[in-house]
Colleague: 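Pasting a structure here, questions to come.
The shown structure was predicted, so the numbers you read here are calculated from the model rather than taken from an experiment. Here, residue 1 is the first one in the sequence, and each next residue gets the next number.
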Amino acid sequence: MENGSTSKNDQNRDKKQSNNSDGTVSTSSVGVDLGSLATGSDDRLLWRCDSWREGDVGGEPVPMSREVRLARLEEAFKTILECVGEDPTRNGLLETPARAAKAMLFLTKGYEENVDMVVKNARFDEDYNNMVTVKDIEFYSLCEHHLIPFYGKIHIGYIPTGQVLGLSKLARISEMFTRRLQNQERITKQIAHAVVDAIRPSGVGVIIEATHMCMCMRGVQKSGSITMTSTMMGTFLDDPRTRDEFLRFCRG
């Protein structure tokens with residue numbers, strides 16, 4: 001789970017950025033095989049319920065149950081309604097705190113998953129070494145700065161080196177990372193590294209285009225703007241022809 005700290009893997013990664021001809025900025029590792037970036041069990045991405053405590057039993061923390069989480073969220077939403085000047089007991093709002101609590105757990109369910117849980121056994125040996133691209137993966141996420149939605153499309157491409165992923169798993173990996181409190185830049189990088197963790201391809205490219213409601217319905221209130229981010233790794237960064245092929249697929 002992202003907490004602002006830097007993991008040992010991150011500290012050891014020597015990163016570089018390159019400005020592509022199309023104006024996007026790509027990130028890759030310098031002089032490091034993509035397989036060496038794999039994180040193994042990926043425990044750092046798994047939501048840990050023992051970071052929230054109901055109480056102590058024999059000196060050991062007791063993980064917060066889903067029921068307790070829902071109850072606390074419900075009370076929090078009642079407080080929000082009161083603070084904006086509403087009456088939580090009026091007919092139209094009686095069930096709103098409970099509904100909002102369930103919705104919040106659904107919208108952040110990605111904290112309860114990691115790459116191994118999502119991919120499972122959908123890694124298949126295949127003698128195929130050309131590009132695989134899945135584009136226009138729809139996503140919805142919550143901005144970690146204002147808890148306001150942002151949404152759009154994700155395009156993922158990779159070149160396998162003996163194993164391919166079940167196509168739906170690219171969508172499920174995207175869903176896992178977007179169903180958290182996020183920013184677009186982080187999601188782009190996390191998806192790329194997750195594909196590396198899963199099958200160690202020779203290259204990965206991820207492009208996200210999104211509309212941020214925090215820019216549309218508050219703040220500068222500028223609708224119609226699209227934010228684009230990209231992460232290119234391995235051959236997608238080092239070989240302009242590979243990168244151009246991926247960009248053509250995404251635009252086609």
Colleague: List the steps and the verdict of salt bridge (Lys or Arg N to Asp or Glu O under 4.0 Å) for Arg123 and Asp116.
Modeller: CA-CA 11 Å; Arg123 302 174 177 91; Asp116 287 338; 3.6 Å; yes
Colleague: Are any side-chain N or O atoms of Glu245 and backbone N or O atoms of Met131, one a donor and one an acceptor, separated by less than 3.5 Å?
Modeller: no
Colleague: Do you know the tightest heavy-atom contact between Ser141 and Thr178?
Modeller: OG-O, 2.6 Å
Colleague: Whether Glu75 and Arg72 form a salt bridge (side-chain N of Lys/Arg under 4.0 Å from carboxylate O of Asp/Glu) is what I want to check.
Modeller: no
Colleague: Between the side chains of Glu144 and Arg186, is the shortest nitrogen-to-carboxylate-oxygen separation below 4.0 Å, so that they form an ion pair?
Modeller: yes
Colleague: In terms of ring plane angle, is the pair His212 and Phe150 parallel, tilted or perpendicular, where the classes change at 30° and 60°?
Modeller: parallel
Colleague: Are more than 12 heavy atoms, taken from residues, nucleotides or ligands other than Lys153, located less than 6.0 Å from that residue's NZ atom?
Modeller: no
Colleague: Which donor-acceptor pairs under 3.5 Å do the side chains of residues 154-164 make with protein atoms, sequence neighbours left out?
Modeller:
| from | atom 1 | to | atom 2 | distance (Å) |
| --- | --- | --- | --- | --- |
| His155 | ND1 | Asp136 | N | 3.0 |
| His155 | NE2 | Glu209 | OE2 | 2.7 |
| Tyr158 | OH | Leu165 | N | 3.0 |
| Thr161 | OG1 | Arg200 | O | 2.9 |
| Gln163 | NE2 | Asp125 | OD1 | 3.4 |

Colleague: Provide the full list of salt bridge (Lys or Arg N to Asp or Glu O under 4.0 Å) pairs with a residue in residues 84-94, sequence neighbours left out, each pair given once.
Modeller: Glu86-Arg90
Colleague: Could you pull out all residues at least two apart from Glu82 that satisfy side-chain hydrogen bond (donor to acceptor under 3.5 Å, both in side chains)?
Modeller: none
Colleague: Write out all pairs satisfying side chain to side chain donor-acceptor pair (under 3.5 Å) with one or both partners inside residues 99-108, taking only residues at least two apart or from two chains.
Modeller: Thr96-Arg99
Colleague: If the threshold is 4.0 Å, N to carboxylate O, is there a salt bridge linking Glu175 and Lys109?
Modeller: yes
Colleague: Restricting to side-chain contact (heavy atoms from CB on, under 4.5 Å), what partner residues turn up for Arg172, sequence neighbours left out?
Modeller: Val118, Ser168, Lys169
Colleague: Would you say Glu95 has more than 12 foreign heavy atoms packed within less than 6.0 Å of its CD?
Modeller: no
Colleague: Quick check: closest heavy atoms across Thr188 and Val206, and the distance to 0.1 Å?
Modeller: CG2-O, 3.7 Å
Colleague: Applying side-chain contact (heavy atoms from CB on, under 4.5 Å), can you list everything that pairs with Thr79, at least two apart in sequence or on another chain?
Modeller: Cys83
Colleague: Are the side chain of Gln190 and the backbone of Phe177 linked by a donor-acceptor contact shorter than 3.5 Å?
Modeller: no
